[in-house]
Amino acid sequence: MPVIIPKDLVGEDVLEREQIFIIGENRAQTQDIRPIKIAIVNLMPKKEETEIQFLRMLSNTALQIDLDLIRMGSHQSKNTEMEHLNKFYKTYDEIKNNKYDAMIITGAPVEKLEYENIKYWQELKNILEFAKTNVYSTMFICWAAQAALYYYYGIKNEVVDGKIFGVFEYEKLEEDKLLKGFDDEFLVPQSRHTYVKEKEVRKHSDLKILASREDTGVGLVTTRDNRFIFSFGHWEYDRETLHSEYIRDLEKGLEVSVPRNYYKDDTPEKGINVKWRSAGNLFFSNWINYCVYQVTPFHLEEIQQKNVSKFGGTSLSDAKQFSKVKNIILSEDDRGVIVVSAPGKRSNEDEKVTDLLIKTSDLKKRQEKINKILANLKRELNICNFEISKVLETVKKRFEDISLDLNLNEDIYLEIEECFKDIEDSRDPDFIISRGEYLNAKLMAKYLDYEFIDALELIAFDEAGEINVEESQSNIREKIKLNKKYVVPGFYGKDLSGNVKTFNRGGSDFTGSIIASALDSNIYENWTDVDGVMTSDPRKDNNAKTIPSLKYSELAKIIDDGAEVYQKDAIAPVMEKNITIKFLNTNSPDSKGTVVKD
Ligand code: ADP
Ligand code: ASP
Ligand code: MG
């Protein structure tokens, strides 16, 4: 029985470790006490002997026990007086509306028969089914343990060679309420021809093997909630029971060996050595105390089947549905476990919560993908920003170096600074690309002390994006004064919206030629880094020779053949006015270069 101790006298961990069972003072004062109702389904042949054996085990507790003895109605016992049976025993039909705190189903001498061939199998199945919902904890002994494992779990037993016969030592495999106070090893009488293999039981996670041996199979198994206990041995056996069975079998002429570890020195003549009693008593009192008395409901009627009721999303789509469901649940007592779906559609047009959640999860996946792309882009953007500033730094330094080396006036640096700020702020490719010509013209104008005139003021494009020759020529004639000197950036002009528009690569040649044409110049000098137009590209061919003179058409052909010395478009404006082009070498100004005319 539990020890009642003042709260906090000993730490809970100590109590747990020492396996001391306590109840607090409060619980003790308020605990409801009533007799424990136990049923014994007695399948043993000598019923009176078995009754006494179990009563002895059960009386080992201070509780009042209210006992029902149950026999199989579908079987006539040969070994027990009918009078006794009629007087003390009930059949399943008589108890089927009862509830019990505990039930014991004893062993039976039918182990070699197929379950289905046993006369009372159907009746026993009714009792096994009954036990599920009407008994708090059921203990199955020996054959009943095998039958119950078969009925509830489909686990089959197997016949052993010889007989598992004698007193067997088991090791405690797991801690359990049933084994509180047990030594690490304990003894149990066994007497059977069949056994259940440990590996079959291990397949069921709600079963716990407390004792097992290779030669006897599992010895003690329990459901994790201790509501079914499968005890393969006979702790209830008297001193003489195994002996009587031994003699009985010998007399029947059966081949049976001396029950092992039972007689002193395994010698029948030396008498019986009882070694299982203390463990057996402890086992039964643990069962009654921890698995029955402390946990069974005070009102036995409350032991009932927990039916499972599942309510789908349509049944739970809104509060109104919830209230209907509540009424349904409460209208039957046995609706013990309710399984619910997520709220479903409230109307045809509505969306199920699960669909919305799937949508959420899909969007989350997409969000994650986008975030990844964004993170990558961010990384790329950072690299790009870094490279932009590096490249611009390099370009800026080019202009600053020229300005520095030329000792240009300080204010050029402000212009450079401003120009690079404009580049940073701009997204217009033509504007950005044109800034090389623009700034170089600024530097040169400063250096020469000539007037800077922006190409935007001179070169105009039409709506088709082509150069508007007429307007450009008129601008040039208007803006370029005869008595003044100018520096003009090449390569770009102004489109109809007033924005910068660049020519094709090498387009400064064109800027020069259109201005020369507008101003009716005699000569258009095109200074480069080689001695004029040559027979081939001197950068690639050491034997390239300067061509002293060319016609415009010959120059066009050479350009068509790949010479990149002049932009082809820039021939027409000067050719139309018969302006001579002179290709000259900045690095060798005295060389004659190439003269191009008609
Ligand atoms: P710029 O910047 O002066 O306009 P370009 O690079 O546009 O100079 O053109 C001059 C370059 O053209 C020369 O450095 C030379 O390598 C190349 N080139 C290719 N073919 C010829 C050729 N047949 N005659 C002269 N130069 C040529
Ligand atoms: N700077 C421009 C280019 O590299 C224009 C030119 O060189 O005439 O194409
Ligand atoms: Mg060029």
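This chain uses plain numbering: 1 for the first residue, then up along the sequence. Counting convention: from 1, in listed order, for ligands and their atoms alike.
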Handout entry: Sidechain N-carboxylate O distance under 4.0 Å for Lys582, Glu525
Key = no

Handout entry: Ionic contact status for Arg213 with Asp215, cut-off 4.0 Å
Key = yes

Problem - Identity and distance of the protein heavy atom lying nearest atom 9 (O) of ligand 1 - result: Glu564 O, 3.5 Å

Problem - Side chains of Asp430 and Asn499, donor plus acceptor under 3.5 Å - result: no

Exercise for the section: Please identify which atoms of ligand 1 are closer than 4.0 Å to at least one heavy atom of Thr528. Expected result: 1 (P), 3 (O), 8 (O), 9 (O), 10 (C)

Exercise for the section: Give me the ring orientation class for Phe461 and Phe503: parallel if the planes are under 30° apart, tilted from 30 to 60°, perpendicular past 60°. Expected result: tilted

Fill in the blank from the handout: shortest atom 6 (C) of ligand 2-to-protein heavy-atom contact is with Ser508 OG, 3.4 Å

Practice task
Identify whether NZ of Lys or CZ of Arg in Lys597 sits under 6.0 Å from the centre of the six-membered ring of Tyr552 and within 45° of that ring's axis.
Solution key: no

Exercise for the section: Under 4.0 Å from a heavy atom of Val533: give me the atoms of ligand 1 that qualify, with their elements. Expected result: 24 (N)

Fill in the blank from the handout: Of all protein heavy atoms, the one nearest atom 11 (C) of ligand 1 is Arg539 NH2, 3.9 Å

Handout entry: Asp509 N/O under 3.5 Å from ligand 2 N/O
Key = no

Handout entry: N or O contact, Gly506 vs ligand 2, cut-off under 3.5 Å
Key = yes

Problem - Side-chain ion pair, Glu129 and Lys132, N-O less than 4.0 Å - result: yes

Problem - Cation-aromatic face contact Arg435/Tyr492, 6.0 Å, 45 degrees - result: yes

Exercise for the section: Examine the proximity of ligand 1 to Asp537 and report which part, side chain or backbone, both or neither, has a heavy atom under 4.0 Å away. Expected result: both

Exercise for the section: Consider ligand 2: state whether an atom of it lies below 4.0 angstrom from any non-hydrogen atom of Gly490. Expected result: no

Handout entry: Proximity to ligand 2 by part of Glu437, non-hydrogen separation under 4.0 Å
Key = side chain

Exercise for the section: Please confirm whether Asp509 comes within less than 3.5 Å of ligand 1 when only nitrogen or oxygen atoms on both sides are compared. Expected result: no

Practice task
Report the nearest protein non-hydrogen atom to atom 24 (N) of ligand 1: residue, atom name, distance rounded to 0.1 Å.
Solution key: Met534 N, 2.9 Å

Practice task
Consider ligand 1: state whether an atom of it lies below 4.0 angstrom from any non-hydrogen atom of Phe583.
Solution key: no

Handout entry: No-hydrogen, no-angle side-chain donor-acceptor test under 3.5 Å, Asp531 and Thr546
Key = no

Problem - For Asp529, the ligand 1 atoms whose distance to one of its heavy atoms is below 4.0 Å - result: 10 (C), 13 (C), 14 (O)

Practice task
Would you tell me whether Asn226 and Asp176 have side-chain atoms, one donor and one acceptor, within less than 3.5 Å of each other?
Solution key: yes

Handout entry: Whether Pro538 lies under 4.0 Å from ligand 1, heavy atom
Key = yes

Problem - Ion pair check, Glu451 and Lys481, cut-off under 4.0 Å - result: no

Practice task
Measure from the ring center of Tyr486 to the ring center of Phe452 and say whether it is less than 6.0 Å.
Solution key: no

Practice task
Specify the protein heavy atom at minimum distance from atom 3 (C) of ligand 2: its residue, its atom name, and the distance to 0.1 Å.
Solution key: Arg505 NE, 3.4 Å

Problem - Mode of Trp527 contact toward ligand 1 - side chain, backbone, both, neither (heavy atoms, under 4.0 Å) - result: backbone

Fill in the blank from the handout: atom 12 (O) of ligand 1 sits nearest the protein heavy atom Val565 CA, 3.7 Å

Exercise for the section: May I ask whether atom 2 (O) of ligand 1 is less than 4.0 Å from at least one protein heavy atom? Expected result: no

Practice task
Closest by any non-hydrogen atom to atom 20 (N) of ligand 1: pick that one out of Gly562, Ala563, Gly532.
Solution key: Ala563

Problem - Side chains of Thr216 and Tyr170, donor plus acceptor under 3.5 Å - result: yes

